[in-house]
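So you know, we letter chains A, B, ... as the sequences are listed, proteins then strands, and number each from 1.
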Amino acid sequence: MTLKILYFARLKESFGRAEEDFDFEGGTVAELTAALAARGGAWAEELAPGRVFRVAVNQELAPPSTPLAAGDEVAIFPPVTGG
Amino acid sequence: MTLKILYFARLKESFGRAEEDFDFEGGTVAELTAALAARGGAWAEELAPGRVFRVAVNQELAPPSTPLAAGDEVAIFPPVTGG
Amino acid sequence: MERFTVAVQTAPFDAGAELARLSADPAVGALVSFTGQVRDYGDSDGVVALELEHYPGMTEKALAAIVDDARARWPLSAATVIHRVGRLALGDAIVLVVVAAGHRRDAFAAAEYLMDYLKTRAPFWKKEIGHDGSARWVEAKASDEAAADRWAGEEA
Amino acid sequence: MERFTVAVQTAPFDAGAELARLSADPAVGALVSFTGQVRDYGDSDGVVALELEHYPGMTEKALAAIVDDARARWPLSAATVIHRVGRLALGDAIVLVVVAAGHRRDAFAAAEYLMDYLKTRAPFWKKEIGHDGSARWVEAKASDEAAADRWAGEEA
């Protein structure tokens, strides 16, 4: 299935992209970020276990156990620093 | 000795006066309010033990044990309700 | 600019202007304001206005002392307290507290502290004026004493 | 009047105008505002501006959800949250929260809650721009997480 993935702030710069369509065999948020980390390089570094990042699914914060469905908009970003 | 006494809000209305000079043999705030209560009527009622009122000496809130000196400005008033 | 001010006045105040004044300091990262205004119901029905009495002389000293207490507890850049007296209609503003600080937790805490102590220590008294001209002194609330007391045992 | 609003914008806001707008309700006895502005020092030296990035679409939803949470916890008459994005210079205002309620304790608590959750849940990111043109992403603070967490186990 295909997901739309968005990146923000430091992760957008690290990955050199603001968004992409990603073919994913299906599973949870944790499985998606593991699949992305498997690309190596900045992906492995930024999405390594123990690194702090946040994931939103369809514009709502989502824990790692959240299941993903085809067409979901998934955003991956650093902890927020507004206000 | 002579004290200047000021009354505010409900006490001013109960006592029918905003201020007075009062001859006092000396002592504490508690002894002054007891002397005023001894006048009877509204004085006895408003300043009875167990009634809640506040006393300021020279424009600072003062507990009953505060000693008084000649010329002190003593204000007696209900609990405040500003804000 | 006078960074810490108190005022007792009959005139209205401009909360936006006070906020703008206190924000003009490069060390300020956080401003908190509190405005109290006359609600359409008080402790009794049919209230159309409040009369605010105060103790001239002591009022200003008490407000300044409360501000000094807050400055001793939190690192503040500026603070202002304005309290109106006289006759106030429904919807009229009664009191304004603005606190400017480097950080938001300090600004929030100091503003709430100023209001809690103002409500229990500053010599103001409210009288409710009814639509029929009747007048009734507002009673102090135990909840206001409790609100002030909660700061007593706490480190800032 | 729309009583509960959120906005994300590049334009400056007028805190005084928002306070005046939210005060125009006879049930309102208390208004609390919070303004956050760019301080003259951030987490590093020589900062001359901030760049605020956000996640369009999610930002507005997240702010609205935080406001809904606050309404569920406290009886509020009105609330507004305005957050700016884009480039902001030293002294520029970043965020405004205004809460109107019947009683001051509710207004203070809700305003602080809104800020605590905005700082941990709303998708904004700050980048510090140095005087030499360098740029550095601001790191999230553990103290902000702790501030939000303290509401979790507490009844309003």
Aromatic rings W43(A) and F15(A): how do their planes relate, parallel, tilted or perpendicular, breaks at 30° and 60°?
parallel
Modelled atom types, side-chain donor and acceptor of T80(D) and T5(D), under 3.5 Å
yes
Okay, A62(D) and chain A: the region with an atom under 4.5 Å from a heavy atom over there is neither
Is it the backbone or the side chain of K61(D) that comes under 4.5 Å from a heavy atom of chain A, or both, or neither?
side chain
Charged N to carboxylate O below 4.0 Å: is that the case for R150(D) and D116(D)?
yes
Would you please test R10(A) and E13(A) for salt bridge (charged side-chain N to carboxylate O under 4.0 Å, His left out) and show each step?
CA-CA 5 Å; R10(A) 194 192 67 243; E13(A) 295 179 356; over 6 Å; no
Tell me, for R121(D) versus chain A, whether the close heavy atoms (under 4.5 Å) come from the side chain, the backbone, both or neither.
both
Using non-hydrogen atoms only, which part of E145(D) is less than 4.5 Å away from chain A: side chain, backbone, both, or neither?
side chain
